[in-house]
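Note that these values count all heavy atoms, side chains included, but never hydrogens, waters or copies made by symmetry. One-based numbering along the sequence shown.
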Amino acid sequence: MIQRYILSFFIGIISLTIQSQQKIIKKDTLEKHTFLNEVIVISKRNDKINNKKYTKPLANLDDFLEKSPKINMIKRGNYAWEPSLNNMVSDRLNITIDGMQIFGACTDKMDPITSYVDISNLEKVAVYSGQHGTENGQTIGGAIDLKLDKNNFTNQYHKIITGIDVGYESNSNTKIIGAEANFSSKKFYINTDFIKRNADNYVDGNNNEVLFSQYNKYNFSAIAGYKISSKEKIGATFIFDKATDVGYPALPMDVSLAKATIASVNYEYQNKDALFNYIDAKLYANNITHVMDDTKRPNVPIHMDMPGWSDTYGYYVKTKLKKNKHHFSVNLNGYYNKSLAEMTMYPANSREKLMFMLTWPDVKTLYNGLFISDNITINNQTSIQLSTRLGYQYNNIGSDFGLGSLQIFYPNLSATKNRFLPSFTAQIINKTPQFTITNSLGYGERAPSVSEGYGNFLYNSFDNFDYIGNPNLKNEKSLEFNSKIKYKNNALTIGFENSLFYISDYIIGVINPNFQPMVIGANGVKTYSSLDKVLQFNSSVNVAYKFNKQFTFNSGITYNYGKEIKGEKLPLIAPVTYNASIDFTNNLFTSNFEVIGADTQRNFSKNYGEDKTNKYTIFNIDAGYKFYINNDALIIKTGVENIFNTYYSTYSDWQNIPRMGRNIFINLSYILK
């Protein structure tokens, strides 16, 4: 029944769009942007006080992403939260750093790509919904591209900006210290950043310590550019990120080391008078090492180490050209990834032999793809955007030992697998002075992830099952419909968005009674399989009203639905969530009062380890001021999160671990020019 209502709704929206196009008289300039695209701006250092949307300039990237109305974060501890977009987690998303493909080295998803950068590295985060996120690779749920903060050339002989950051958070005794030094001239610039974070265990709303929630992390980055001519420049990027002693209270293991080295070189060409007016070519490489262990956990039945490694080498060539009413964007890209993970069990009796297995059997992935987008201007009010990505993926199991282990379950398994991955989108945007109405249709496919295809006894503490990959899985396929209506008139802005995903061959774990679990105490074994048809639906309403120059009101509410057609509910589908805030700005002073919350999670999935989570409402407040000392600037921002020390846990908190109780923070930044 719900499918009929949803389809009827979209038919009505499409009809409304067609009618509105026929009635347009006034002319306006079209917004040239991808549908359902959100840009999360991470302010540059000297603009931090002007970033009203975020309460903490020195917050970690997880906090920034969680503020986005489109993103939810899967939390296994106080560090390295996993982004979820359209209620789909990392396997169904394409997460990149400046267009570079990077893959985590943890079989338990304890190191999402977002954990290997810091806000000090970034200028903004671009969020794309569904097939509108295929510019850099294949996806089902969408894409998140972490845009690096690149300084620019200056007309001055030279310009130097340095700065120091200091932050403290009371709840987890978090200490933050950072520094940067930036140099720019007419032909050369370089940005350098360093930041270190140290946190102890945090305390929940009942004033109980959440054990194993501590972490240490530091991050260093250097980004440089050289201008060859007025139209050409080259650049280089280097990021080193290292976290140690990271606790995960929702998991049976912690992390002794999570380390990433990321490097790239690129060439850019810009000439607005040329047919190909923009070219960006990049070569990149990254290495990730991730080591899980349980040596600090008490009463462990059998100790184990689980290290993992991921190496990726890639390229892309992006170009843009304009021909009459057509604006083309092209991205030819590819990468080679090698993923290897192993597990060693240490029996209590030292005389017994160690038990060893490859949990990722040295899986090598070669991918090449071509993305083409054409934005066609029909008139001053209407445009159509068409895009497609065609990808080819080759997998090879590099370890004979690993191949033999998987052949126990799949006797006829070949070491290699080839996949063809198509996708396309079509959207129409219609804009009048007050209304912007957008509708789009998309289709895309994705290949199984390394864990889904080749994982070997991967323990999932969420449902307490061991998981075995399935190399014979079909490509997962998604047909999606999107609509957006935005009304803006003077001080009032109202937005209404909907996304419907009809997914076939939906990859998920299914109980296999023929196998026994490897982990002591596990409920059994699941092998990755495919559900025939799945329906996911998201709907949100956002309202903004500017009372005057000082006061602005923002609010939003989101509804989510996910279910196998004629079957079970899907896991990790958010309940109804809401937020409201009032921003105050007066010259160099800013303040924000925020209310966030969610309804009771009743539509949970027992089969996948979920249970009911209670409704909650949280109140936050912050204030900041910017002082000028000669040409330098001192920025102070402080606030209180979870003012009333509410005890709560969200649907996305692994094994219902409680969120942080009351937390008082202060951030100081001193900028020297």
Side-chain angles (χ1 to χ4, degrees), residues 76-77 80 104-111 211-215 243-259 288-310 339-363 397-411 413 450-452 454-470 509 511-528 609 654-655 657:
R76 298 171 174 88
C106 176
T107 57
D108 288 350
K109 298 185 178 182
M110 298 159 77
D111 68 332
L211 299 176
F212 309 108
S213 59
Q214 79 290 338
Y215 69 88
T244 58
D245 189 26
V246 183
Y248 289 86
L251 301 176
M253 302 187 75
D254 299 315
V255 170
S256 58
L257 175 66
K259 182 179 69 172
I288 293 179
T289 301
H290 190 271
V291 181
M292 291 186 284
D293 69 68
D294 55 8
T295 54
K296 295 184 178 181
R297 294 295 181 98
N299 305 318
V300 176
I302 182 169
H303 283 286
M304 63 180 72
D305 293 330
M306 296 183 67
W309 303 268
S310 174
S339 293
L340 174 67
E342 60 188 42
M343 177 173 65
T344 303
M345 294 185 178
Y346 299 87
N349 186 348
S350 59
R351 296 180 180 179
E352 296 181 8
K353 292 184 178 180
L354 301 180
M355 291 176 282
F356 175 84
M357 71 167 60
L358 289 178
T359 49
W360 282 346
D362 193 14
V363 181
I397 301 175
S399 167
D400 292 335
F401 175 73
L403 177 61
S405 299
L406 283 173
Q407 285 175 335
I408 296 174
F409 313 109
Y410 309 100
L413 175 63
V450 173
S451 291
E452 292 169 337
Y454 303 98
N456 191 18
F457 283 102
L458 308 180
Y459 177 63
N460 185 339
S461 61
F462 194 77
D463 59 5
N464 198 34
F465 276 83
D466 281 340
Y467 278 66
I468 296 173
N470 182 354
I511 295 175
N512 191 327
N514 299 319
F515 304 133
Q516 295 297 316
M518 179 71 66
V519 173
I520 297 173
N523 293 335
V525 174
K526 289 184 178 181
T527 55
Y528 281 104
W654 211 256
Q655 291 198 337
I657 60 167

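To the nearest 0.5 Å, atom CH2 of residue Trp309 and atom CD1 of residue Ile288 are 13.5 Å apart. For the atom pair OH (Tyr454) and CD1 (Ile468), the distance works out to 15.5 Å, reported to the nearest 0.5 Å. The distance from atom CG of Asn456 to atom CG of Leu358, rounded to the nearest 0.5 Å, is 8.0 Å. Between atom CG of residue Asp108 and atom CG of residue Asn460 there is a gap of 7.5 Å, rounded to the nearest 0.5 Å. The distance from the OG1 atom of Thr289 to the CG atom of Asp111 is 10.0 Å, given to the nearest 0.5 Å. Note: Asp305 CG to Glu342 CD = 9.0 Å, rounded to the nearest 0.5 Å.
Nearest heavy-atom pair across Ser310 and Gly104 is CB-O, 3.7 Å. In terms of heavy atoms, Ser461 sits closest to Ala250 at OG-O, 3.5 Å. Scanning all heavy atoms of the two residues, the minimum distance from Met110 to Met253 falls at CE-O, 3.7 Å. What you find for Leu413 and Gln407 is that their closest heavy atoms are O-NE2, 3.1 Å. Residue Ile302 comes nearest to Tyr346 through the heavy atom pair CG1-O, 3.3 Å, listed as atom of the first residue, atom of the second, then distance. Across every non-hydrogen atom of Trp360 and Leu340, the tightest pair is O-CD1, 3.5 Å.
The stretch residues 513-523 participates, sequence neighbours left out, in no salt bridge (Lys or Arg N to Asp or Glu O under 4.0 Å) pair at all.
Within the 4.5 Å cutoff, the side chain of Ser256 has no heavy atoms near those of the Thr244 side chain. Residues Asn470 and Thr527 fail the side-chain proximity criterion, which asks for heavy atoms closer than 4.5 Å.
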side-chain contact (heavy atoms from CB on, under 4.5 Å) between Ile397 and Leu403, intermediate numbers included = CA-CA 6 Å; Ile397 301 175; Leu403 177 61; 3.8 Å; yes
key: Check against side-chain contact (heavy atoms from CB on, under 4.5 Å), Met518 and Met355   = CA-CA 11 Å; Met518 179 71 66; Met355 291 176 282; 5.6 Å; no
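Ring-plane geometry between Phe409 and Phe515 is classed as perpendicular, the angle between the planes exceeding 60 degrees on a 0 to 90 degree scale with a lower cut at 30.
Applying the ring-ring contact (aromatic ring centres under 6.0 Å, His included) test between Tyr467 and each of Tyr459, Phe462, Phe457, Tyr528 identifies Tyr528 as the sole match.
No donor-acceptor distance shorter than 3.5 angstrom exists from the side chain of Thr359 to the backbone of Met343, with no hydrogens or angles considered.
In this structure, Lys526 pairs ionically with Asp463, as a charged nitrogen and a carboxylate oxygen lie closer than 4.0 Å.
Scored by the side-chain hydrogen bond (donor to acceptor under 3.5 Å, both in side chains) test, Asp254 finds Arg297 as partners (sequence neighbours excluded). Shown here are the salt bridge (Lys or Arg N to Asp or Glu O under 4.0 Å) partners of Asp293, two or more places apart in sequence or in another chain: there are none.
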